[in-house]
Novice: 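First the structure, then my questions, so here it is.
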Amino acid sequence: MAIATIEWEKQNVKLIDQTKLPNELKYINCRDVKTIWQAIKKLKVRGAPAIGIAAACGVVLGMRNSKARNFTEFNKELERVVKYLATSRPTAVNLFWALERMRQCVFLNRDKSIKAIKDVLYDESVRILNEDKDICRAMGRSGARLIKNKDRVLTICNAGALATADFGTALGVFYQAKKEKKHFKVYSSETRPLLQGARLTTWELMRAHIDVTLICDNMAGSLMERNLIDKVFVGADRIAANGDTANKIGTYSLAVLASYHKIPFYVVAPKSTFDLSIKSGKDIPIEERREEEVTLIGKKRIAPVGVKVYNPAFDVTPHKLITAIITEKGITKPPFIKNFVKLK
Ligand code: MRU
């Protein structure tokens with residue numbers, strides 16, 4: 001059911017170019033770290049866990065032609081590659097988590113030959129990718145317990161197979177519920193400006209024969225008011241120690257609406273999306289992107305040339321609006337600040 005969004009193929013990294021979906025299923029072959037950096041920056045690969053995996057693979061590509069003669073030289077080069085990849089996108093902490101894992105891996109193997117260190121780096125990237133598969137399945141099993149027959153659920157952006165190495169976070173819950181033969185209906189919010197909900201989530205769910213209906217972002221409140229939504233499931237890009245959660249812009253509005261209408265609001269994310277060094281959502285860096293993403297739809301201009309544009313790619317949902325957070329360890333309820341400790 002899951003599609004391989006990112007994988008190693010003959011020493012290169014093969015990625016689905018998500019900017020081409022749903023019209024074309026096209027792959028790109030990444031042979032060097034720059035191509036990976038650009039793929040992350042331009043959202044050819046996107047979604048927090050997938051960004052982390054891509055960054056880990058980027059480190060391997062960035063280091064494989066190293067001519068370093070000793071560990072000190074190798075480590076210097078590694079720091080440069082890691083720093084470079086870290087500039088690709090700021091919000092999803094999975095990127096920095098994966099880069100740190102790659103750094104640690106080099107450090108722990110510092111006594112080996114350069115050739116052996118390159119091999120363990122490759123192995124670590126494969127481990128990160130494979131672990132993500134198991135994590136998706138575990139989150140799916142826990143989350144599916146929350147889905148009842150006849151539920152109508154709402155999601156935003158794409159937190160599915162295209163955002164991970166397996167069947168996703170929020171969408172993983174739906175895939176698992178479908179496997180358990182539950183009957184439910186998904187509403188996918190289109191997710192302006194880059195339309196991940198319209199382009200990617202509907203594409204994925206339709207392929208899996210899950211009942212999905214596309215709505216514009218500004219329709220969610222009306223559907224809730226008319227009792228057409230039972231639960232909201234979203235992914236996350238960074239979760240602070242108190243449970244405040246950064247996710248795609250528009251998530252906060254859905255959480256406020258859900259709270260007003262007394263609809264449960266669930267976040268589904270692996271532990272690698274937690275940033276316990278950050279106390280609250282106030283300190284989460286929010287990416288701002290190019291104005292053309294707002295003034296153009298595809299190639300068509302929809303706003304006057306020269307108009308002022310503000311384009312934050314993420315927002316922060318305060319922990320008070322979150323009913324529970326589903327991780328590979330199960331379902332965590334508030335108070336998050338206390339209960340996160342048990343997730344170790
Ligand atoms: O800008 P994007 O498409 O990378 O944003 C992705 C999201 O906001 C997802 O909801 C989040 O990364 C969770 S993906 C499992």
Side-chain angles (χ1 to χ4, degrees), residues 2-3 5-6 15-21 39-55 88-98 132-133 135-140 143 154-175 188-201 203-205 217 232-239 245-255 265-275 281 284-290 293-294 311-317 322 325-328:
I3 183 159
T5 293
I6 175 164
L15 296 174
I16 294 182
D17 182 349
Q18 299 189 32
T19 60
K20 299 274 190 283
L21 286 172
I40 297 174
K41 182 82 185 167
K42 295 187 172 163
L43 272 58
K44 290 172 193 252
V45 61
R46 43 137 312 274
I51 291 174
I53 297 163
S88 56
R89 291 192 78 187
T91 303
V93 77
N94 306 60
L95 172 81
F96 307 97
W97 167 88
D132 190 58
K133 295 185 182 178
I135 289 168
C136 285
R137 296 285 155 162
M139 288 185 291
L154 172 65
T155 190
I156 185 169
C157 195
N158 173 268
L162 290 166
T164 62
D166 193 67
F167 68 7
T169 59
L171 299 196
V173 170
F174 308 156
Y175 286 122
S188 172
S189 197
E190 65 177 347
T191 321
R192 275 284 286 149
L194 294 180
L195 304 169
Q196 289 92 330
R199 295 186 301 105
L200 309 177
T201 292
W203 180 80
E204 253 197 73
L205 295 182
D217 296 325
V232 181
F233 287 85
V234 301
D237 286 85
R238 197 184 289 229
I239 301 176
T245 294
N247 191 48
K248 181 49 58 193
I249 189 80
T251 304
Y252 168 64
S253 314
L254 292 185
F265 185 92
Y266 298 110
V267 171
V268 191
K271 283 199 312 162
S272 52
T273 303
F274 284 63
D275 184 354
I284 299 179
I286 299 294
E287 177 181 17
E288 282 181 35
R289 295 185 60 88
R290 293 180 318 123
E293 292 182 354
V294 176
N311 182 19
F314 300 94
D315 58 26
V316 176
T317 297
I322 300 171
I325 299 181
I326 296 128
T327 68
E328 63 270 40

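Just follow the structure's listing: the first ligand is 1, and inside any ligand the first atom is 1. Every value quoted in this text rests on a predicted model; they were computed, and no experiment measured them. FYI, the numbering just counts along the sequence from 1.
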Novice: Using the test ring pair (Phe, Tyr, Trp, His ring centres under 6.0 Å), find all partners of Phe314 that sit at least two apart in sequence or belong to another chain.
Specialist: none
Novice: Between ligand 1 and Ala48, is the shortest N or O to N or O distance under 3.5 Å?
Specialist: yes
Novice: Looking only at protein heavy atoms, identify the closest one to atom 9 (C) of ligand 1 and say how far it is in Å.
Specialist: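 The closest one turns out to be Asn247 OD1, 3.4 Å.
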Novice: Tell me the closest heavy-atom pair linking Gln196 and Lys248, and the distance in Å.
Specialist: NE2-CE, 3.8 Å
Novice: Heavy-atom distance to atom 15 (C) of ligand 1: which of Val234, Thr169, Asp237, Thr201 wins?
Specialist: Thr169
Novice: Going by side chain to side chain contact (heavy atoms under 4.5 Å, CB included), name the residues that satisfy it together with Ala170, two or more places apart in sequence or in a different chain.
Specialist: Thr155, Ala159, Phe233, Val268
Novice: Got an N/O contact under 3.5 Å between Gly47 and ligand 1?
Specialist: yes
Novice: Out of Ala163, Ala236, Ala246, who gets a non-hydrogen atom closest to atom 13 (C) of ligand 1?
Specialist: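 Nearest option to atom 13 (C) of ligand 1, by heavy atoms: Ala236.
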Novice: Which of the atoms in ligand 1, numbered in the order shown and given with their element, are less than 4.0 Å from a heavy-atom of Lys248?
Specialist: 1 (O), 2 (P), 5 (O), 8 (O)
Novice: Between Asp132 and Thr164, is the side chain to side chain contact (heavy atoms under 4.5 Å, CB included) condition met? List the steps.
Specialist: CA-CA 7 Å; Asp132 190 58; Thr164 62; 3.3 Å; yes
Novice: Name the closest protein heavy atom to atom 3 (O) of ligand 1, giving the residue it belongs to and the distance to 0.1 Å.
Specialist: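 Heavy-atom neighbour on the protein nearest atom 3 (O) of ligand 1: Arg46 NE, 2.5 Å.
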Novice: What do you reckon, does Gly168 put a non-hydrogen atom under 4.0 Å from ligand 1?
Specialist: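 Checking ligand 1 against Gly168, which is what was asked, there is no heavy-atom contact under 4.0 Å.
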Novice: Using the side-chain contact (heavy atoms from CB on, under 4.5 Å) definition, which of the options Leu171, Ile6, Val45, Leu200 pairs with Leu162?
Specialist: Leu200
Novice: Under a 3.5 Å threshold, yes or no: a donor from one side chain and an acceptor from the other, between Asn158 and Arg46?
Specialist: yes
Novice: Could you tell me, atom by atom, which parts of ligand 1 come under 4.0 Å of a heavy atom of Gln196?
Specialist: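 Per the distance check, 1 (O), 2 (P), 3 (O).
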Novice: Please could you name the atoms of ligand 1 that Arg89 approaches to less than 4.0 Å, counting only its heavy atoms?
Specialist: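 Selected atoms, number and element: 1 (O), 2 (P), 4 (O).
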Novice: What pair of heavy atoms forms the shortest contact from Arg192 to Val294, and how long is it?
Specialist: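 Looking at all heavy atoms of both residues, the closest pair is NH2-O, 3.1 Å.
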